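All values derive from a computational prediction rather than experimental measurement. Counting starts at 1 for both ligands and their atoms, following the listed order.
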Amino acid sequence: MRTSIATVSLSGSLTEKLTAAARAGFDGVEIFENDLLASPLTPEEIRARCADLGLGIDLYQPMRDMEAVPEEQFANNLRRARHKFELMGRLGTDTVLVCSSVHPLAVDDDALAAEQLGRLADLAQQFGVRVAYEALAWGRHVSTYDHAWQIVRAADHPALGTCLDSFHILSRGSEPKSLEAIADIPGEKIFFLQLADAPLLAMDVLQWSRHYRCFPGQGGFDVADLVRRVLHTGYNGPLSLEVFNDVYRQADAGPTAVDAHRSLLALQEAVGVAPLPEPVVPTGVAFAELVTPDAGPVAAVLGALGFARTARHRSKPVDLWQQGEARLLVNTGPAGRRDGTGLAAIGLESPDPAGAARRAESLLAPVLPRRRAAEDAPLDAVAAPDGTELFFCATGRPELPDWRADFADVAHETGAAGVRRIDHLALVQPWHQFDEAALFHRSVLGLQAQESVDVADPYGLMRSRAVTNPDGSVRIALSVGAAPTDDTVHAQHIAFATDDVVMTARRFRDAGGRVLPIPANYYDDLAARFEFADGELETYRELGILYDRDAYGEFRHCYTRTVGRVFFELVQRDGYRGYGAQNAPVRLAAQHGVTGV
Ligand SMILES: O=C(O)c1ccc(O)c(O)c1
Ligand SMILES: [Mg+2]
């Protein structure tokens, strides 16, 4: 279907917005009046710019406070409308949005509203314009879509239809009963469909709408169900995003537009109008790749954790460090010299690497060259929104390229310390990309997103949300902090699963590793909350081990100090399903050094 986006959803000048929308693959735009008023371009120039970019102008909006007003007031409104209809001719657009009145003079009189909207439509018709009447959820007398439709039906004018907006509809409740009346609207009388999602918040609906809308799939509304209902009426106009959001007003328009278009692609797949290549859900973590200008500090930590350097890349300065099924690549090539120590790439085991890459590409993920160098195995890879490279791996499958073929074994001692595998990867997102990251990992990789949790940091609030595969062998914890983030604290981290965290942590410390010290108050509180066997709490205190418990089991974990922009966690998960969110504020405070250590 045709995809469109309201200019209010993107930051920048009108020109920047149009360019971003076109580059992201939208077919059209809704021009928001304020964007036009503030633009130095004439309507003709805007029209030409859109045409050059391959964008249609699908809607001009909004006209406000039109209907159900005293005659004198209405005469004024018609005069205003005539100006706008002329303008629309210059812009080359034929549909205008009229939102339900919030004017103090508007009266509660549907017959008057219908009569005046009919006269407005008469005038519009002379200009070849159609009027789409939308119920604002906070409209003075008309605040529901079915009420707006009744007025449109009563006016019975060919140039008057309704505009449905998922926010205004779903913010008032999504009981199937409240949505049934959509089926009563003939598709050709739905002149426009605006789409937005929103997190489920209990707040004033106008504030909710103007500040917290997000792209479909990023909030708590069932936008797909609504779209299915609207398509069932026979509606075949654009699917258009109209997202008022404080974050997107600031973030770069280019990436926001890509995020927006991805959400519409995923939505169209969900409602069955535009299939995409099947998701290929990853089945494990093949490796995590660190880049660093100096392998020394990373090697010291990994060695103390019981990892051994088992192989070396045949042609590049990359070492493979391994323990159990946990594999880390340590890359001292140019990226590390440029960016310092950090997590640069993740290898995901994929049942069908090429299929996974096709899926990712269809959802606008940048595809990376299959070979980073002539001699490398040709691996399919894409970039996540935060820049992390995701490699789709087929480890040990003879018919497919294997990343391990790039490595030659080196003699090593095995000093294993109980680490089995990578439990999870924690990726701190740029402040404006949290919702995008969750949607990306869900739609592109087919992972399931867990609930988002708030975590107090001494210098700001963090939000965190895990995305996982069904058996928990791939877990990625996405988080976002207040901007600007402190790189040493809001660093990426890699959590290793161990069967015995006490043993692994002790081995780490005895080998010269430094665990993150945890304040005594934390252990006093643990003693109050839980009963421990004799000596257990003292052991935790000594090794900086944190403890949590959920309905499924117990969780013990501890942290290394940060190296560059990465640190490591050891986790012992005896059935426990979470990520220690309860303990995260203590960990963050410890990392900030507010404990004075
Ligand atoms: O918040 C508003 O005023 C506003 C304007 C136009 C719309 O289409 C809308 O959904 C909201
Ligand atoms: Mg709207």
Side-chain angles (χ1 to χ4, degrees), residues 3-10 17 21 26 28-38 57-67 77 80-81 84 88 93 95-104 106 117 120 129-149 151-152 160-172 179 182 185 190-199 201 203-216 219 221 223 226-227 230 235 237-249 260 263-264 267:
T3 59
S4 199
I5 185 166
T7 54
V8 72
S9 319
L10 300 170
K17 292 168 190 246
F26 284 95
V29 288
E30 300 176 23
I31 300 243
F32 217 69
E33 184 154 82
N34 283 345
D35 285 316
L36 176 120
L37 300 188
I57 301 179
D58 293 333
L59 188 80
Y60 184 73
Q61 75 135 324
M63 279 209 290
R64 299 181 187 274
D65 296 335
M66 260 301 154
E67 78 286 12
N77 290 353
R80 183 156 54 95
K84 298 302 171 187
M88 289 173 63
T93 184
T95 308
V96 67
L97 182 142
V98 171
C99 48
S100 60
S101 182
V102 298
H103 200 277
L117 286 172
L120 178 72
V129 165
R130 310 188 309 161
V131 175
Y133 181 55
E134 172 194 47
L136 294 179
W138 55 91
R140 191 164 150 82
H141 301 295
V142 176
S143 55
T144 62
Y145 77 90
D146 44 331
H147 192 181
W149 161 237
I151 291 170
V152 168
L160 180 68
T162 186
C163 167
L164 299 181
D165 178 322
S166 65
F167 180 87
H168 296 300
I169 297 173
L170 298 175
S171 63
R172 301 189 57 101
L179 302 176
I182 292 173
I185 313 176
I190 302 173
F191 282 2
F192 211 74
L193 175 59
Q194 293 179 315
L195 299 174
D197 201 342
L201 302 170
M203 66 186 295
D204 171 69
V205 69
L206 184 149
Q207 299 299 335
W208 190 14
S209 176
R210 294 252 175 100
H211 302 281
Y212 294 97
R213 288 188 183 207
C214 55
F215 298 120
F221 293 161
V223 181
L226 181 100
V227 171
V230 175
Y235 173 78
L239 300 178
S240 188
L241 297 169
E242 187 198 28
V243 169
F244 304 83
N245 179 296
D246 296 356
V247 171
Y248 297 140
R249 279 183 193 278
S263 84
L264 271 190
L267 181 72

With a cutoff of 4.0 Å, is Phe192 in contact with ligand 1, counting heavy atoms of the residue only?
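No, Phe192 has no heavy atom closer than 4.0 Å to ligand 1.
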Would you please determine whether Phe244 falls within less than 4.0 Å of ligand 1 on a heavy-atom basis?
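Right, Phe244 reaches ligand 1.
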Give, for atom OG1 of Thr3 and atom CG of Leu267, the distance between the pair rounded to the nearest 0.5 Å.
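CG of Leu267 is found 11.0 Å from OG1 of Thr3.
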How many angstroms lie between CZ in Phe215 and CG in Leu241, if you round to the nearest 0.5 Å?
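Between Phe215 CZ and Leu241 CG, I get 6.0 Å after rounding to 0.5 Å.
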List ligand 1 atoms under 4.0 Å from [X], heavy atoms only on the residue side.
| X | value |
| --- | --- |
| Arg210 | 1 (O), 2 (C), 3 (O) |
| Leu136 | 4 (C), 9 (C), 11 (C) |
| Trp138 | 1 (O), 2 (C) |
| Gln194 | 8 (O) |
| Leu97 | 8 (O) |

Could you identify the single nearest non-hydrogen protein atom to [atom] and state the distance to 0.1 Å?
| atom | answer |
| --- | --- |
| atom 10 (O) of ligand 1 | His168 NE2, 2.6 Å |
| atom 6 (C) of ligand 1 | Gln61 OE1, 3.1 Å |
| atom 3 (O) of ligand 1 | Arg64 NH1, 2.7 Å |
| atom 7 (C) of ligand 1 | Glu242 OE2, 2.9 Å |

Just wondering, do Met203 and Tyr212 contact through their side chains at under 4.5 Å, heavy atoms?
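SC-SC contact between Tyr212 and Met203 confirmed.
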Can you tell if the side chain of Cys163 reaches within under 4.5 Å of the side chain of Phe191, non-hydrogen atoms only?
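Sidechains of Phe191 and Cys163: no contact.
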N/O/S atom name from [X] that is nearest to the position of the Mg ion (ligand 2):
| X | value |
| --- | --- |
| Glu134 | OE2 |
| Asp165 | OD2 |
| Glu242 | OE1 |

Under 3.5 Å donor-acceptor, [X] side chain and [Y] backbone:
| X | Y | value |
| --- | --- | --- |
| Thr93 | Ile57 | yes |
| Ser100 | Leu136 | yes |
| Tyr235 | Leu193 | yes |
| Ser4 | Ser240 | no |
| Ser263 | Ala260 | yes |

Report the residue from Glu30, Glu33, Glu134 that forms a side chain to side chain donor-acceptor pair (under 3.5 Å) with Gln61.
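In the set Glu30, Glu33, Glu134, the residue that makes a side chain to side chain donor-acceptor pair (under 3.5 Å) with Gln61 is Glu30.
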Taking NZ, NE, NH1 and NH2 as the nitrogens, is one of them in Asp65 or Arg80 under 4.0 Å from a carboxylate oxygen of the other?
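A salt bridge is absent here (no side-chain N lies under 4.0 Å from a carboxylate O).
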Just heavy atoms, cut-off under 4.0 Å: does Leu206 contact ligand 1 by side chain, backbone, both, or neither?
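Contact part for Leu206 vs ligand 1: neither.
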Please classify the Arg213 to ligand 1 contact at 4.0 Å (heavy-atom distances, strictly less than): side chain, backbone, both or neither.
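The side chain, only.
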N, O or S atom of Gln61 closer to the Mg ion (ligand 2) than 2.8 Å:
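It does not: Gln61 brings no N, O or S atom closer than 2.8 Å to the Mg ion (ligand 2).
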